[in-house]
Number of protein chains: 2
Amino acid sequence: MTDSVPTAPPVPAATINRLPLYQRALAALDPRGTVSSAELAEATGVNPAQVRKDLSVLGLHGTRGVGYVAGDLLAQLSEHTGADEIHPLIVAGMGNLGLAVANHAGRRSQGFTVVAAFDVDPKLIGRTFRVGDGTVTVSHPNELPAIARRTGAVLAVVATPPAAAQQVCDDLIAAGITGILNFSATPVRVPTGVHIRDVDLAQELQILAYHERRAHPGADREEVNIR
Amino acid sequence: MTDSVPTAPPVPAATINRLPLYQRALAALDPRGTVSSAELAEATGVNPAQVRKDLSVLGLHGTRGVGYVAGDLLAQLSEHTGADEIHPLIVAGMGNLGLAVANHAGRRSQGFTVVAAFDVDPKLIGRTFRVGDGTVTVSHPNELPAIARRTGAVLAVVATPPAAAQQVCDDLIAAGITGILNFSATPVRVPTGVHIRDVDLAQELQILAYHERRAHPGADREEVNIR
DNA sequence: TTGTGTGAAAGTTTTCACAGCT
DNA sequence: AGCTGTGAAAACTTTCACACAA
């Protein structure tokens with residue numbers, strides 16, 4: 001299924017996930033100056049050797065004894081990740097969360113612009129929101145195919161209630177979307193070739209809560225009775 | 001630094017991160033019925049062997065040839081993760097995103113309740129919002145120490161602008177917070193003993209965008225000139 | 001027969017440590 | 001002297017495969 005192109009990507013998934021971190025750190029630096037892997041590590045919370053390995057895997061090299069040229073490195077990274085372009089983004093579900101995400105991530109400075117928003121709520125359809133550095137008007141989902149085609153968007157944010165998420169994702173995929181950021185608190189099945197990332201706010205908190213319970217076992221009145 | 005208690009936790013981090021997944025899947029089932037690891041796997045997108053190993057590591061066992069009793073398993077899992085209690089939650093930064101997160105995750109059914117919200121914006125201070133299944137009134141940050149002490153909260157959500165994030169986290173930690181869910185688009189340094197999880201919406205999108213670029217190299221008008 | 005429990009293999013990711021440019 | 005580039009080791013995670021209990 002993954003053999004459509006001759007060279008399979010040898011870039012480790014873990015590396016890919018860190019690239020945006022490096023980009024942000026680099027963006028805060030003087031493009032003309034140099035950065036060492038140690039400095040990048042400090043700014044991102046990553047191990048210095050990891051930084052060097054990540055960049056090295058992408059074919060991005062620094063100068064021994066000196067470091068990397070911040071501006072050059074950022075440009076090369078951006079080209080790799082696609083951060084050198086503005087990606088059109090569709091938002092499905094314009095409740096509180098959908099709006100916040102649209103507003104937060106849908107800025108050109110981040111590399112994204114919200115080109116369409118959908119919701120089934122009649123009170124929302126037709127309303128125009130300021131999101132990021134532009135505006136969107138909420139459309140009915142039955143306009144999705146036409147709008148998706150017209151805008152050429154391949155990325156979408158799903159912020160619907162859990163019950164609707166699978167259907168919404170299916171519709172998005174049918175309309176040509178191939179990358180979905182899923183905020184509905186439910187895992188969704190997608191066909192091969194479509195990328196999905198689940199972000200579940202409650203889950204993140206639950207993970208934190210777990211650690212707190214470990215760290216402060218007696219904090220609650222329940223007696224800890226590990227035998 | 002981690003040797004405060006005799007037995008260091010032998011539960012792999014990867015396992016911990018999956019526990020909320022299992023909990024959600026189990027909650028949707030008849031508590032009296034049985035589930036097989038295969039069914040749990042199907043519902044969560046995890047490999048069946050992984051499911052068994054995860055549960056086994058926690059000392060949670062099923063019956064061979066039958067499976068696990070859904071209700072029992074959920075109860076035991078919940079006790080482990082702390083999902084059997086309602087955790088008080090503080091929200092710092094009540095913009096769009098802070099409000100959405102508060103509203104989304106701050107429900108008792110999820111195991112959390114928002115006990116306080118802070119913002120520096122004078123227009124927000126004093127306002128009362130419906131969040132989750134309750135309400136909060138936004139306070140000025142200088143009330144943080146008192147409120148934190150009174151509520152006993154140890155978990156906080158940070159949804160401030162990046163520039164304020166480090167200071168806000170420092171203040172939260174000084175007030176006794178030991179677990180932070182950080183939505184500000186910047187990494188924050190915390191002392192040992194404090195857990196932090198970074199959720200960066202733009203970063204998630206950028207990771208998706210990376211994959212799209214790999215999958216559909218010619219989609220943009222820019223000529224791909226990999227030498 | 002069905003589905004758990006788990007050693008052992010395979011794969012992935014992180015970290016170390018040091019040779020080699022500048 | 002300083003910092004990259006990278007093999008090799010260590011740590012962690014996933015997956016396999018099969019004995020074994022119900």
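Order of the sequence lines fixes the chain letters, A, B, ..., with proteins taken first and strands second; residue numbering starts at 1 for each chain. Since we're looking at a predicted model, the values are computed, not measured.
- Heavy-atom nearest nucleotides on DNA chain D were determined for A:A49 and for A:V66, and the one closer to the 5' end corresponds to A:V66.
- No hydrogens or angles were tested; on distance alone, a donor-acceptor pair under 3.5 Å links the side chain of B:K53 to the base of D:dT15.
- Both A:A13 and A:G65 lie close to DNA chain C; mapped to their nearest nucleotides by heavy-atom distance, the more 5′-ward contact belongs to A:A13.
- In this model, no side-chain donor or acceptor of B:R64 finds a partner on the base of C:dG3 within 3.5 Å.
- Taking side-chain N and O atoms only, B:H61 has a distance below 4.0 Å to OP1 or OP2 of C:dG5.
- OP1 and OP2 of D:dT4 both lie 4.0 Å or more from every side-chain N or O belonging to A:T63.
- A straight line from CG of A:L40 to P of D:dC3 spans 13 Å, rounded to a whole angstrom.
- Distance A:L58 CG to D:dT4 P: 16 Å, rounded to the nearest Å.
- In this entry the distance linking CG of A:D54 with P of C:dT14 reads 8 Å, nearest Å.
- As judged by a 4.0 angstrom heavy-atom cut-off over every strand, A:T15 is placed among residues making no nucleic acid contact.
- The phosphate of C:dT14 has OP1 or OP2 within less than 4.0 Å of a side-chain N or O from A:R18.
- Salt-bridge annotation for A:R108 and A:E85: absent, with no side-chain N of the basic residue lying under 4.0 Å from a carboxylate O of the acidic one.
- A donor-acceptor pair shorter than 3.5 Å can be found between the side chains of A:Q166 and A:D170.
- Between the CD1 atom of B:I16 and the C1' atom of D:dT13 there is a distance of 14 Å, rounded to whole Å.
- Using a 4.0 Å cut-off between charged nitrogen and carboxylate oxygen, A:R24 and B:D200 count as a salt-bridge pair.
- Ion pairing between a basic and an acidic side chain is recognised when a charged N comes within 4.0 Å of a carboxylate O; A:R18 and A:D54 show such pairing.
- One interatomic measurement links the two molecules: CD of B:Q50 to P of C:dA9, which rounds to 19 Å at whole-angstrom precision.
- Residue A:H211 holds its NE2 atom at 11.0 Å from CG of B:L155, rounded to the nearest 0.5 Å.
- Per the geometry, CG belonging to A:N17 stands 14 Å off C1' belonging to C:dT14, to the nearest Å.
- Taking side-chain N and O atoms only, A:S56 has a distance below 4.0 Å to OP1 or OP2 of D:dT6.
- In this structure, the CG atom of A:N47 is 9 Å from the P atom of C:dT14, given to the nearest Å.
- Straight-line distance from the CZ atom of A:R52 to the P atom of D:dG5: 8 Å, rounded to whole Å.
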